Amino acid sequence: MAVRLPANEISDLCLGKPALRCLSAAATVGDALSALRKSGDAAVSLWSCDDPAPSEAATDREKRGCVCVGKVCMVDIVCFLCREENLADPAAALRSKVEAIVPKVAGLVRHLEPHASLLDAIELILEGAQNLVVPLRPRRAAISRKNLLHDHREYCWLTQEDIIRYLLNFINVFAPTPALPINSLGIIDTDSILAVHYYDPAASALRLIPESNLEQTAVAIVEDEGQLIGEISPLTLSSCDLTVSAAVLTLSAGDLMAYIDCGGPPEGLVRLVKERLEEKNLVTFLDSLEEELAFSLPSASSSSSDEEFGCGRNGRVGGYSARMARRSEAIMCYPSSSVVAVMIQALAHRVSYVWVVEEDGSLAGIVTFKSMLRVFHERLKSMS
């Protein structure tokens, strides 16, 4: 098994994966919002089926010109609406082309064939890919036309979490590395920590939130003495509805952390958001968001599947989606924690990182799935 593992096909990781819902890269931000709300997915994939890249014309897929060019999640839309130029008319901002909010970073999404090896997949992630788009094997069951592309194929995507979870099934192959403390392997990142102080305006984190989304981490919230007390996570923000944009613009970082907690915002914070919007002459901003939210909600005759993925408090400040909401408390470990313990901790909380703190609670760094994959990559190369 140790010899074969690096060559295992990534199709093994795709078993049971749902097909991607496809959105045209020519769509609007509002279209992306609607797709996210209807699907309940963390992100929606964007596809271009018109202009295949000449260098990628070797396969049938790219000859037909259907290529996944990126992805959009709710936090991308929230940060876009919080831009100063969009405050006066968020409804107009939602009519913008979705390309306006797609991160301008090459290689975040990469195509890979089902027969590619596990080692190939890990190397693409280490090069910067967040999602690997893989064609699904043909199935006998009826295929939804919503998920089909022009080449009559369905796709899924693989993430760092999928690969880490797969490697955990073979963890004994990597012994003794998994039992070693993380501070002995050089995988604690102390230089790329994104953090704000508890009483800083949440708006000061607006430039950090997209960066943390790209790095698949979060923005730490620390006290003046450096103790870690929470985080602003793109994943948690993505479980909120559009009106969380108003909270980002008006609350402190600490209050925003409480606002986006999976239990829903305290009524006192909801009132505070409205009061501060009035002070900033931004009441129309919230009104416009609520109108757009009400307009985009499924109708009363919608299927139960649509209702299942709806927000818990649709149509007003404090709306939440039950599908993936989690608490805004930070997931922490110590420098002496073992690699496998940190892996299990991250997988249990469905995050791709764990904060590293000292005994006194002060923030010491962060460990990510990507840094763990570097360690496993070296071991896999030695096996191949």
Side-chain angles (χ1 to χ4, degrees), residues 28-34 36-37 42-44 71-105 194-215 217-221 230-261 265 269-270 272-293 296 311 316-321 328:
T28 66
V29 176
D31 293 331
L33 173 64
S34 178
L36 286 167
R37 291 176 58 79
V44 61
K71 65 174 184 176
V72 172
C73 62
M74 183 65 79
V75 75
D76 295 317
I77 299 176
V78 168
C79 290
F80 178 67
L81 292 175
C82 287
R83 294 180 187 176
E84 187 172 353
E85 63 269 24
N86 294 328
L87 298 182
D89 194 351
L94 291 173
R95 294 192 293 270
S96 304
K97 293 296 183 183
V98 73
E99 64 184 16
I101 64 173
V102 177
K104 304 298 189 292
V105 179
L194 305 173
V196 294
H197 288 93
Y198 186 91
Y199 293 106
D200 287 346
S204 66
L206 276 173
R207 66 176 182 83
L208 301 180
I209 293 172
E211 187 176 347
S212 69
N213 194 33
L214 284 176
E215 296 297 327
T217 58
V219 179
I221 298 179
E231 66 179 18
I232 300 173
S233 163
L235 178 62
T236 308
L237 282 173
S238 289
S239 70
C240 306
D241 64 32
L242 282 184
T243 56
V244 75
S245 306
V248 173
L249 291 171
T250 56
L251 297 178
S252 68
D255 284 342
L256 179 64
M257 182 177 66
Y259 186 97
I260 64 178
D261 189 89
L269 286 181
V270 173
L272 182 60
V273 168
K274 293 182 177 181
E275 291 171 3
R276 290 183 175 173
L277 286 173
E278 291 177 357
E279 294 171 2
K280 295 173 178 285
N281 295 318
L282 290 176
V283 175
T284 55
F285 176 77
L286 178 59
D287 291 342
S288 182
L289 291 182
E290 290 182 330
E291 288 174 9
E292 182 62 34
L293 186 61
S296 65
C311 290
R316 71 178 183 85
V317 176
Y320 275 74
S321 164
S328 54

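Note that the numbering runs from 1 along the sequence shown for the chain. Being a predicted model, the structure only gives us computed values, none of them experimental.
- Side-chain contact between Ile209 and Leu194 is absent, with no heavy-atom pair separated by less than 4.5 Å.
- Across every non-hydrogen atom of Leu289 and Pro90, the tightest pair is CD2-CB, 3.9 Å.
- Side-chain contact between Met74 and Leu237 is absent, with no heavy atoms from C-beta onward closer than 4.5 Å.
- Just one of Asp200, Leu208, Leu206 meets the side-chain contact (heavy atoms from CB on, under 4.5 Å) condition when paired with Ser204; it is Asp200.
- Every residue two or more places apart in sequence or in another chain that forms a side-chain contact (heavy atoms from CB on, under 4.5 Å) with Ala253 is listed here: Val196, Ile221, Ile232.
- Annotation for Ala42 and Cys73: closest pair O-CB, 3.2 Å, computed over non-hydrogen atoms.
- For the side-chain contact (heavy atoms from CB on, under 4.5 Å) with Val72, the lone residue among Val29, Leu33, Ile101, Asp31 that qualifies is Ile101.
- Taking NZ of Lys280 as the reference point, atom CZ of Arg276 lies at 8.5 Å (rounded to 0.5 Å).
- The one candidate from Thr250, Leu269, Leu272 that meets the side-chain contact (heavy atoms from CB on, under 4.5 Å) condition with Tyr259 is Leu269.
- Rounding to the nearest 0.5 angstrom, the gap separating the OG atom in Ser252 from the CE atom in Met257 is 9.0 Å.
- Crowding of Glu84 atom CD: a count of heavy atoms from other residues, nucleotides or ligands under 6.0 Å not exceeding 12.
- Residue Arg207 places its CZ atom among 12 or fewer non-hydrogen atoms of other residues, nucleotides or ligands, all under 6.0 Å distant.
- Taking CG of Asp76 as the start and NZ of Lys71 as the end, the distance is 8.5 Å to the nearest 0.5 Å.
- Contact between Leu81 and Ala93 at its shortest, heavy atoms only, is CD2-CB, 3.9 Å.
- Between atom SG of residue Cys82 and atom CD1 of residue Ile77 there is a gap of 12.0 Å, rounded to the nearest 0.5 Å.
- Qualifying side-chain contact (heavy atoms from CB on, under 4.5 Å) partners for Glu278, counting only residues two or more places apart in sequence or in other chains: Val283.
- Remark: the backbone N or O of Thr284 is not paired with any side-chain donor or acceptor of Ser288 at under 3.5 angstrom.
- Among residues two or more places apart in sequence or in another chain, the side-chain contact (heavy atoms from CB on, under 4.5 Å) test is passed with Leu87 by Leu249, Leu282, Phe285.
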